[in-house]
Amino acid sequence: MTINEACIKVLTELGGRAPLKLLCMKVQEIVVFKGATPYNSICTELINHPKNFRRTEGKKGWWELVSFQEEIASRDKRIKELEEVNARLKSVKTEDDFVRRMVAEAKILYKHDKDSMDVIRQILHNLGRSDAEEELDAWIEGRVYKPSDTVTGAIADLNKTLKNGVEEGVTIINAGNYKPQIQTQNVGMPTIGQQTTKRIEK
């Protein structure tokens, strides 16, 4: 194992960063140094490979892995973003507002983590919101979302039909063309010889 590889291994095991003294001690346990001073050799390795190692800001005498700390910074940023999303979702009052906000947040999340869409689809499915599922799928596939293709659209179409029916009925009545259909019941006509009387009681 080279000094470079040993430094990477030790720093990874120590959480990505460590004081130089501890780093040198751990590296000497896994690397055999021939003639050269271990401390100087390790320092030279750290300084000559800035893509792998860098001094820890704010900690004198500490060194860290560049990639490891960048990954941690990226995760910290993502955690902060998710906390903000969670706070916004908690402020939602109704289910419709919640679903709309979830779809909006899912579109943002898709840019970072496409695999998470399956989980979000399952949540929407469990909520019985196929309309939101279709809206999300349409956005991912680059299609124009048409609410009329969903349950929500069907309800909108029904409302439109009912409205048109009412308006049409009003138009017919106003035009004087309304002829109510009266159902009659055949009770039979009196035969010859039969008389009908009507007694008026005062």
Participant: Is it true that Glu81 and Arg78 have a side-chain N and a carboxylate O under 4.0 angstrom from each other?
Facilitator: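 Salt bridge flag = yes for Arg78 with Glu81.
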Participant: Any salt bridge between Glu13 and Lys9, counting N to O under 4.0 Å?
Facilitator: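 Salt bridge: yes.
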Participant: Output the distance between atom CG (Leu23) and atom CG (Leu14), rounded to the nearest 0.5 Å.
Facilitator: 7.5 Å
Participant: Where the side chain of Glu45 meets the backbone of Ser41, is there a donor-acceptor pair that is under 3.5 Å apart?
Facilitator: no
Participant: Could you give the distance from CD (Glu64) to CG (Asn52), rounded to the nearest 0.5 Å?
Facilitator: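 So the CD of Glu64 and the CG of Asn52 are separated by 12.5 Å.
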Participant: Which is it for Arg55 and Trp62 under the side-chain contact (heavy atoms from CB on, under 4.5 Å) test, yes or no, and what are the steps along the way?
Facilitator: CA-CA 6 Å; Arg55 298 179 188 276; Trp62 282 58; over 6 Å; no
Participant: Does the pair Arg129 and Glu133 meet the rule for a salt bridge (charged side-chain N to carboxylate O under 4.0 Å, His left out), with working shown?
Facilitator: CA-CA 7 Å; Arg129 298 304 297 262; Glu133 283 186 81; over 6 Å; no
Participant: Rounded at 0.5 Å granularity, tell me how far CG in Leu11 sits from CH2 in Trp63.
Facilitator: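 Between Leu11 CG and Trp63 CH2, I get 10.0 Å after rounding to 0.5 Å.
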Participant: What heavy-atom pair brings Phe68 and Gly16 nearest, and what distance separates the two atoms?
Facilitator: CD2-CA, 3.4 Å
Participant: Locate the shortest heavy-atom distance separating Leu20 from Cys43; write the atom from each residue and the value.
Facilitator: CD2-SG, 3.7 Å
Participant: Just so I know, are the side chains of Lys59 and Arg17 near enough to count as touching, which here means a heavy-atom distance under 4.5 Å?
Facilitator: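 Of all side-chain heavy-atom pairs linking Arg17 with Lys59, at least one is under 4.5 Å.
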Participant: Is Glu29 atom CD crowded by more than 12 heavy atoms from other residues, nucleotides or ligands, each under 6.0 Å away?
Facilitator: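 For Glu29, atom CD is crowded (more than 12 foreign heavy atoms under 6.0 Å).
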Participant: Between NZ of Lys77 and CG of Leu82, what distance do you get to the nearest 0.5 Å?
Facilitator: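 Reported to 0.5 Å precision, the distance equals 12.5 Å.
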Participant: As a quick check of understanding, evaluate side-chain contact (heavy atoms from CB on, under 4.5 Å) for Phe53 and Val66, giving each step before the final call.
Facilitator: CA-CA 5 Å; Phe53 314 105; Val66 174; 5.6 Å; no
Participant: Between Ile42 and Val31, is the side-chain contact (heavy atoms from CB on, under 4.5 Å) condition met? List the steps.
Facilitator: CA-CA 11 Å; Ile42 294 171; Val31 175; over 6 Å; no
Participant: For Ile30 and Val10, run side-chain contact (heavy atoms from CB on, under 4.5 Å): C-alpha distance rounded to whole Å, both residues' side-chain angles, the deciding distance at 0.1 Å, then the answer.
Facilitator: CA-CA 9 Å; Ile30 56 178; Val10 170; 4.0 Å; yes
Participant: Without swapping roles, check the side chain of Ser74 against the backbone of Glu70 for a donor-acceptor pair under 3.5 Å.
Facilitator: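 Pair absent, no side-chain N/O of Ser74 close to backbone of Glu70.
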